[in-house]
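Because the structure is a prediction, the values reported are computed rather than measured. The chains referred to below are lettered A, B, ... by the order of the sequence lines, with proteins before strands, and numbering in each begins at 1. What you see below is based on every heavy atom in this structure, not just the backbone, and it leaves out hydrogens, waters and symmetry mates.
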Amino acid sequence: MTSKPPCVQVRNLYKSFTRGSERIDVLQNLTLEVPEGEFLALMGPSGSGKTTLLNLIAGLDQPTEGSIIVGDQEISQMSESELARWRTRHVGFVFQFYYLLPVLTAYENVELPLLLLPMTKEQRRKQVLTALDLVGLSNRLSHRPGQLSGGQQQRVGIARAIVTDPTLIVADEPTGDLDSKSADEILKLLETLRAQLNKTIIMVTHDPKAAERAQRVLHLEKGRLVLDTDNRLAAVSSSWS
Amino acid sequence: MFLIDLSILFGISISTLTILCIVLGIVLMPPFYLILLALEKTLLVAQWAGFSVIRFILLVFRSLQRNLLRTALSYMAIYVLVSVVVMIWSVLSFLDGITTEKQEDFKVLITEKFQIPSQMPPSYEQRLLSIIDELPPEYRMKNGEMDVMTWAFVGGTLDPTKQTFENSIFFFCMQPKKFPTMMSGLEEFTPEEMAELNRLIDLMEKDKKKVVIGTGRLEKLQKKVGDRFKMVSLNYKDLEFEFEIVGTFPKGSRYDESAVMHRDYLYDTLRDYEKRTGMPHPMANKCLNLIWVRLPSKEAYSALAAKANESGSFSTPAVKVETESSGVGSFLDAYRDLINGMRYMVVPAILATMALVIANAISITVRERRTEMAVLKVLGFTPGMIMMLVLGEALLIGVLAGGMASSVMCVLTQAQGGVKFPIAFFPAFKVPYEAISWGIAIGAATALAGSLLPALSARRVKVSEVFSRVA
Ligand SMILES: Nc1ncnc2c1ncn2[C@@H]1O[C@H](COP(=O)(O)OP(=O)(O)OP(=O)(O)O)[C@@H](O)[C@H]1O
Ligand SMILES: [Mg+2]
């Protein structure tokens, strides 16, 4: 087996916030690797630092200490504008509350990140339609978010996350606001993205059922990794018993 | 009487104007949204050309539609305030214009020194001419007597039993032949209108009972060209005149409400009165209200003023010599405080209010949309782009509302040939076409000033704070 470099490499990561005179250490000496094409779930109690870790990996914030390498780039040293430009190409973000722009249509929402890239109108159109087709919404192009169900809005959100063909997809409780049927569809969609397009996916979730769909589950507690379960091995071992 | 007219004009203008602007602003709100919509549609078509910048601008348009009420508020603030500011500026630059010294057409004005209205004896004309004759030749008028014009004001009514504003008329009593060279504002006449004026002046010179009356006044009198009528004078007690109307001044010119009669007719009538009653008319020695002289230079004016002030030249009554602009200037002195108050207090106050209203509306918008700005940042929009989006929204309203307000002001005053002051030697007041660009500039600048702080705070939105649960 040739060892490909991992998609995400986090080393000795510390993150603390200061509020007033108080210092909160959220992440402490965290090290982890996510291989390319892996679907990883992050679990842990509320306040354990899951969102903070996800934001750091996605380049939305800078660590207090430690290094983060995504693809082949060290992102912990980049400036805010450099990070912004880097995110457009390399990270797709899926939110719990979708966060689509209410004044834009589904098509325009998905197109938004492409506006930041040097592309012609036609190239953009092709990519937007591909993404919307992949999430099964090619017939809702000119609907505004208010005219779509929660599950549909989240699918538009996913289309927006994959439209730039990013290396990494991060999702913060993407099913947290959905009923179990819609949640199931979203999880299937994420699995498909991994299986067919070989996307690396990191998903924060509170739902053990959702976590089961991932290939590996990391448990975070008080800013430290406490458990690393590989579902693939579990599946193998359960088939043996 | 001039002073009263002007004070009414100014007094009314500020409050009426503001109300008028508010009404206009409301009336023009639907067109404002239509223009926004039309621009958006145009951009939608244009974006097929493939510029992604247009997509950004579209985003700005869409954001404005999100809260129509707030957009309307910002629009109204800018509309009303740009209207008022443009109006005040126009009035100020207009007044500056007429009080600035003209170099090429240097007219001086001789009036009684200590009394308003000025009433001088007719013999002062000859005395003035002889004083000028004593000046060095380079200080004398270039065209001799043709550069001297006297004015007497003769007012009267067509119905002495029941005098009204409509049946009253007020004549400039002068030598008609001097009209084309000495009266101001004739550069506004077309060549055809000038030809007609010269024809009428010939008629008046041949028959002193013939008069020319402005179209507007003629309509109010319910008379037409060719009519004869009798006028009983009000300021020349017991004098009656019989006039024949030979023509009118061009419609919409500054002479629309004016009338001109031959001064010889006044002098003859005064003489007839003396023959009839055996006594000179009480006004016979007071029937010269002012004298205009066109001099070659400022030095000539100083020389003449010095000479006229020497004892013995003009003693009962004494006279003063002023340049045309200083004459108008001293006449406007009463309003100078008002004008300066507007310039240095009202205008800055208006601009500050405007900026505050916009700042408030936009900062509410930004606060509401913090999450949205954070999402845009996640997608890779740089802080600068986020800031541009906020500034762009303000700028769009500012440019559009400011442009609309000033264009409407401009078109309204230009269309009726300007707002006429009830004074013939004042040009009509118009909001100049340049005001449209000022309006846009003022609207844009205040919109920018008002949106700067909210835009900076939008720029600083921290993604990690918006999306993590800050307990
Ligand atoms: N910008 C910030 N400023 C100060 N403290 C913060 C900030 N972001 C997060 N924190 C703190 O860091 C800790 C971890 O927050 P985080 O949002 O990562 O938790 P989480 O595991 O995602 O929780 P949940 O499951 O409830 O979403 C919390 O105590 C939170 O209050
Ligand atoms: Mg969280």
Side-chain angles (χ1 to χ4, degrees), chain A residues 15 17 19 24 26 46-47 49-52 54-56 58-62 80-93 95-105 108-109 111-125 144 157 160-161 163-164 166 170 172, chain B residues 36-37 40 43-68 70-71 365 368-389 392-393 458-471:
Chain A
K15 177 71 185 177
F17 295 105
R19 240 186 297 162
I24 314 163
V26 180
S46 188
K50 304 182 295 292
T51 300
T52 306
L54 205 64
N55 284 349
L56 287 171
L60 297 178
D61 204 352
Q62 279 126 326
E80 198 181 339
S81 319
E82 279 172 334
L83 278 176
R85 271 189 292 276
W86 173 81
R87 278 197 300 273
T88 311
R89 287 181 184 279
H90 299 283
V91 187
F93 216 106
F95 304 92
Q96 176 176 1
F97 301 108
Y98 335 127
Y99 292 137
L100 304 176
L101 266 59
V103 290
L104 300 182
T105 63
E108 290 163 339
N109 264 292
E111 191 190 31
L112 213 47
L114 295 185
L115 299 181
L116 300 165
L117 300 174
M119 292 175 84
T120 67
K121 171 87 198 161
E122 273 321 304
Q123 290 169 320
R124 290 204 300 266
R125 187 175 175 75
R144 293 211 179 179
R160 180 178 65 187
V163 73
T164 55
V170 296
D172 196 351
Chain B
L36 269 187
L37 211 68
E40 190 192 332
L43 285 175
L44 269 175
V45 174
Q47 57 146 331
W48 290 102
F51 301 110
S52 54
V53 183
I54 292 175
R55 280 300 210 186
F56 281 108
I57 304 174
L58 271 174
L59 198 59
V60 172
F61 275 89
R62 291 286 170 79
S63 303
L64 285 180
Q65 291 165 25
R66 181 186 322 238
N67 194 325
L68 289 183
R70 200 143 52 221
T71 303
T365 311
E368 274 181 359
R369 297 213 312 251
R370 264 172 63 87
T371 314
E372 206 167 288
M373 313 252 164
V375 171
L376 289 176
K377 281 197 172 177
V378 170
L379 298 182
F381 282 61
T382 59
M385 290 174 179
I386 306 277
M387 189 165 138
M388 292 312 288
L389 285 177
E393 272 178 48
R459 186 197 150 92
R460 281 195 301 264
V461 166
K462 267 203 103 64
V463 179
S464 59
E465 280 170 22
V466 177
F467 292 124
S468 35
R469 199 164 298 166
V470 180

* Quick one: what part of A:Phe97 sits under 4.5 Å from any heavy atom of chain B, side chain, backbone, both or neither? ->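 Neither part, no heavy atoms under 4.5 Å.
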* What distance do A:Glu80 atom CD and B:Arg460 atom CZ have between them, rounded to the nearest 0.5 Å? ->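 Nearest 0.5 Å value for the CD-CZ distance: 11.5 Å.
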Between [options], which shows the greatest number of heavy-atom pairs under 4.5 Å with chain B?
options: A:Leu54, A:Thr88, A:Leu100, A:Val103; answer: A:Val103
options: A:Ile24, A:Leu104, A:Asp172; answer: A:Leu104
options: A:Val91, A:Leu60, A:Leu83; answer: A:Leu60

* Asked: Sequence neighbours excluded, which residues qualify as side chain to side chain donor-acceptor pair (under 3.5 Å) partners of A:Thr164?
  ->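 Once residues adjacent in sequence are excluded, A:Thr164 has no partner under the side chain to side chain donor-acceptor pair (under 3.5 Å) criterion.
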* Which residues in residues 376-383 of chain B have a heavy atom less than 4.5 Å from any heavy atom of chain A? ->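 Expected list: B:Leu376, B:Lys377, B:Val378, B:Leu379, B:Gly380, B:Phe381, B:Thr382, B:Pro383.
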* Is the CZ atom of A:Arg89 crowded by more than 12 outside heavy atoms at less than 6.0 Å? ->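 Incorrect, the count does not exceed 12.
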